[in-house]
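Predicted, not measured: the structure shown is a model, and the values here were computed from it. Order of the sequence lines fixes the chain letters, A, B, ..., with proteins taken first and strands second; residue numbering starts at 1 for each chain.
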2 protein chains.
Amino acid sequence: MSQTVDRALSILPLLAEGPADLGRVADRLGVHKSTALRLLRTLHEHGLVYRQSDQRYRLGARLISLAQEAMENLDIREIAHPHLVRLNEQCGHTVHLAVHEEDEVLYIDKVESRYPVRMYSRIGKPVAITVAAVAKLLLADLPEPERRARAEQFDYPLYTARSTPNAPAFLRELEKVRDQGWATDLGGHEESINCVGAPIRGADGRVAAAMSVSAPNVVVTADELLTLLPLVRRTADAISGEYSGRTPVTDPAHPDHRSARTPTKDPV
Amino acid sequence: MSQTVDRALSILPLLAEGPADLGRVADRLGVHKSTALRLLRTLHEHGLVYRQSDQRYRLGARLISLAQEAMENLDIREIAHPHLVRLNEQCGHTVHLAVHEEDEVLYIDKVESRYPVRMYSRIGKPVAITVAAVAKLLLADLPEPERRARAEQFDYPLYTARSTPNAPAFLRELEKVRDQGWATDLGGHEESINCVGAPIRGADGRVAAAMSVSAPNVVVTADELLTLLPLVRRTADAISGEYSGRTPVTDPAHPDHRSARTPTKDPV
DNA sequence: ACGTCTGTTGCATCTTCTGCAACGTTCATT
DNA sequence: AATGAACGTTGCAGAAGATGCAACAGACGT
């Protein structure tokens with residue numbers, strides 16, 4: 001809507017690919033160098049972009065701290081965290097929490113597996129939207145026309161032989177997930193990794209987040225993982241209850257559950 | 001430098017305080033509602049801002065994934081991580097890695113304590129710049145005039161009785177840190193928490209990052225923590241060596257050490 | 001010492017952003 | 001049920017600010 005801002009913001013994903021110099025940025029934006037310079041300077045003043053010693057630009061630290069604050073504003077995260085930890089204590093596997101926003105699904109919390117062999121993942125990373133259990137859960141809740149629209153604009157990369165191959169298959173899978181109230185990813189992303197997930201619902205009954213337990217084949221088989229399903233669902237339901245119930249949030253700052261984790265003020 | 005972009009970017013820290021509606025944003029920016037609307041729309045298109053169901057705006061998920069990518073581009077982080085883990089295995093305490101950028105010092109990696117009593121901190125959170133051991137290490141390396149300039153524009157919040165009280169004291173402390181090549185924070189931020197840190201240097205000999213070990217009083221006394229100093233310094237030096245040495249980075253994508261942690265492609 | 005490459009500045013032009021005022025909705029009030 | 005307020009949204013004319021150009025400066029390698 002605003003050309004200047006639009007151009008400036010386009011620089012960010014560009015730099016996310018790696019550091020770039022002025023000329024490169026100008027080229028990619030399709031503008032004159034002097035224009036790119038001014039945009040970069042503005043981004044720099046706000047700390048979103050950093051100029052490293054070789055003069056090239058890369059994403060700045062302010063971006064990281066902003067993202068940090070963004071996550072701390074997510075109520076679901078605060079509420080869910082202790083439940084995720086407890087679940088991890090019970091089963092020992094990696095536990096993820098994810099939300100859906102625009103056309104991304106991303107992990108917003110994670111409790112590491114206590115087994116030596118762990119899967120790789122990172123908070124903030126967008127998930128493989130066509131195969132991940134949490135993605136299926138979140139998309140399955142969308143109204144039918146939107147679900148269809150989304151499904152059709154996705155790519156369907158074949159990570160493994162068991163990846164969802166195309167839109168019709170994906171829509172069928174969503175239908176199934178919607179009916180049964182839980183989802184799996186059995187080697188659809190990484191051959192050797194399986195997940196079981198369940199939805200977390202808000203007060204309006206819509207799916208607000210999704211959680212999953214993941215474990216590599218070498219630790220437990222898919223069948224063994226599936227025996228955890230009741231536990232996962234109970235946990236998800238517990239979070240749903242707390243999230244949709246009278247959330248004890250005194251709005252602007254949430255001193256209650258925040259102080260629960262950090263006894264004094266603004267923690268290190 | 002560019003007014004429009006400047007205004008748009010000012011919205012981000014504003015929303016970091018918590019969700020806000022259009023009127024509020026316009027007020028805080030000092031512009032007309034329609035102007036604010038256009039800016040927000042542009043931010044929205046880029047996913048940096050999200051519109052929640054009550055129509056209020058908050059920071060968007062794209063911000064989180066961008067920050068993620070920003071961190072993954074930091075070579076020091078990749079290199080340091082295994083060393084941090086090893087140090088944690090040896091001493092059991094919380095290990096932090098921090099860098100300095102513009103006027104912030106922030107944690108970019110962390111390995112959790114293996115003791116039940118843990119300190120609270122989070123990757124991406126700016127540190128208390130006047131007291132944290134890592135902050136002292138990073139600032140101590142700046143050229144004298146800049147150090148002085150920075151020191152004078154800081155606030156000196158008295159977190160505890162042992163917090164650095166003012167600029168002269170801080171400058172003296174930096175001098176000391178610079179000479180001895182390591183730093184501490186003994187209850188300067190949280191009464192009961194102590195830290196010991198050491199600098200990580202790049203090929204040019206300048207301090208590129210800093211690491212520290214933190215532990216609460218109830219686990220080990222300050223004196224006991226100080227006995228870890230040689231270990232911490234050895235670790236920092238090992239990282240320095242690897243970082244300043246011939247870093248095996250085939251630039252654009254870093255397939256080498258990335259693939260070391262994730263056997264196949266783009267992990268979950 | 002020369003040439004090339006990259007970043008930087010000042011300026012005139014014109015695109016694009018801004019604020020206004022009017023409209024459409026939604027929600028609370030009477 | 002009707003009225004009013006508050007908020008978000010749109011089109012438009014004027015004005016302010018962004019753009020590209022061309023010329024300069026500085027670094028680097030030859």
Side-chain angles (χ1 to χ4, degrees), chain A residues 1-15 17-60 101-102 143 202-204 206 251-252, chain B residues 1-15 17-60 73 101-102 143 202-206 246 249 251-252:
Chain A
M1 213 86 238
S2 161
Q3 191 189 61
T4 316
V5 178
D6 186 47
R7 284 177 174 165
L9 297 182
S10 304
I11 294 178
L12 299 178
L14 193 159
L15 291 184
E17 297 168 18
D21 61 20
L22 180 61
R24 195 180 160 70
V25 172
D27 280 355
R28 294 278 303 262
L29 283 186
V31 298
H32 196 269
K33 280 188 305 180
S34 60
T35 305
L37 180 65
R38 268 182 298 255
L39 297 177
L40 280 165
R41 275 227 253 266
T42 312
L43 289 168
H44 180 92
E45 275 176 17
H46 286 258
L48 297 184
V49 143
Y50 179 70
R51 193 147 201 202
Q52 41 188 32
S53 42
D54 63 351
Q55 294 235 104
R56 291 189 306 169
Y57 294 91
R58 62 168 174 71
L59 294 179
E101 202 173 301
E102 309 297 337
D204 52 4
R206 305 244 355 233
D251 209 52
Chain B
M1 212 88 242
S2 161
Q3 190 188 60
T4 317
V5 178
D6 186 48
R7 283 176 175 166
L9 297 182
S10 304
I11 294 177
L12 299 179
L14 193 160
L15 291 185
E17 299 168 18
D21 61 21
L22 178 61
R24 195 180 160 72
V25 172
D27 280 355
R28 294 279 302 266
L29 283 187
V31 298
H32 196 271
K33 280 187 306 178
S34 59
T35 305
L37 178 66
R38 268 181 299 255
L39 298 178
L40 281 166
R41 275 226 253 266
T42 312
L43 289 168
H44 180 91
E45 274 176 19
H46 287 258
L48 298 184
V49 143
Y50 179 69
R51 193 148 201 202
Q52 38 188 33
S53 42
D54 62 351
Q55 294 235 104
R56 291 189 306 169
Y57 295 91
R58 63 169 172 73
L59 295 180
N73 282 344
E101 202 172 300
E102 307 298 336
D204 52 3
R206 304 243 354 234
R246 62 277 141 247
V249 175
D251 208 54

(request) Answer whether the closest heavy-atom distance between the side chains of A:V49 and A:L12 falls below 4.5 Å. (result) yes
To the nearest angstrom, the CG-P distance between B:D54 and C:dT25 comes to 21 Å
Any N/O pairs under 3.5 Å between the protein and nucleotides 13-16 of chain C? List them or say none.
from: C:dT16; atom 1: OP1; to: A:Q3; atom 2: OE1; distance (Å): 3.1
from: C:dT16; atom 1: OP1; to: A:Q3; atom 2: NE2; distance (Å): 2.7

Contacts satisfying salt bridge (charged side-chain N to carboxylate O under 4.0 Å, His left out) that involve residues 28-41 of chain B (not counting sequence neighbours) are B:E17-B:R28
Closest heavy-atom pair, B:L14 versus B:A20, reported as atoms and distance to 0.1 Å, is CD2-CB, 4.4 Å
The bend of the helix from C:dA1-D:dT30 to C:dT30-D:dA1, taken between the axes of its five terminal pairs at each end and rounded to 10°, is 40°
Whole-Å distance, A:D21 CG to C:dT4 C1', equals 15 Å
Chain B vs DNA chain D, heavy-atom contacts under 4.0 Å, first-to-last nucleotide span, 5' to 3', is D:dG8 to D:dA18
### Query
Do B:L39 and B:T4 come within less than 4.5 Å of each other through their side chains, counting heavy atoms only?
yes
Here the pair of heavy atoms bringing B:Y50 nearest to B:H44 is CA-ND1, 4.3 Å
Taking side chain as C-beta onward, heavy atoms only, is A:V5 less than 4.5 Å from B:L9? no
Within the 4.5 Å heavy-atom criterion, are B:R56 and B:D21 side-chain neighbours or not? yes
Sequence neighbours excluded, the answer for salt bridge (Lys or Arg N to Asp or Glu O under 4.0 Å) partners of A:R206 is A:D141
Residues A:V31 and A:A36: closest non-hydrogen pair is CG2-N, 4.0 Å
Within residues 30-38 of chain A, the residues having a heavy atom closer than 4.0 Å to DNA chain D are A:V31, A:H32, A:S34, A:T35, A:R38
Closest non-hydrogen contact found for A:Q52 with A:P19 is NE2-CB, 3.4 Å
When rounded to the nearest 0.5 Å, the distance separating OG of B:S2 from CG of A:L37 is 11.5 Å
B:Q55 atom CD is separated from C:dT26 atom C1', nearest whole Å, by 9 Å
In whole angstroms, the gap separating P of C:dT6 from CG of A:L40 amounts to 16 Å
Within the structure shown, what part of the strands sits under 4.0 Å from A:R24 by heavy-atom distance: base, sugar-phosphate, or nothing? nothing
Side chain to side chain contact (heavy atoms under 4.5 Å, CB included) with B:I11: of B:L59, B:L48, B:L40, B:T42, only one passes, and it is B:L40
A:R24 atom CZ: more than 12 heavy-atom contacts under 6.0 Å: no
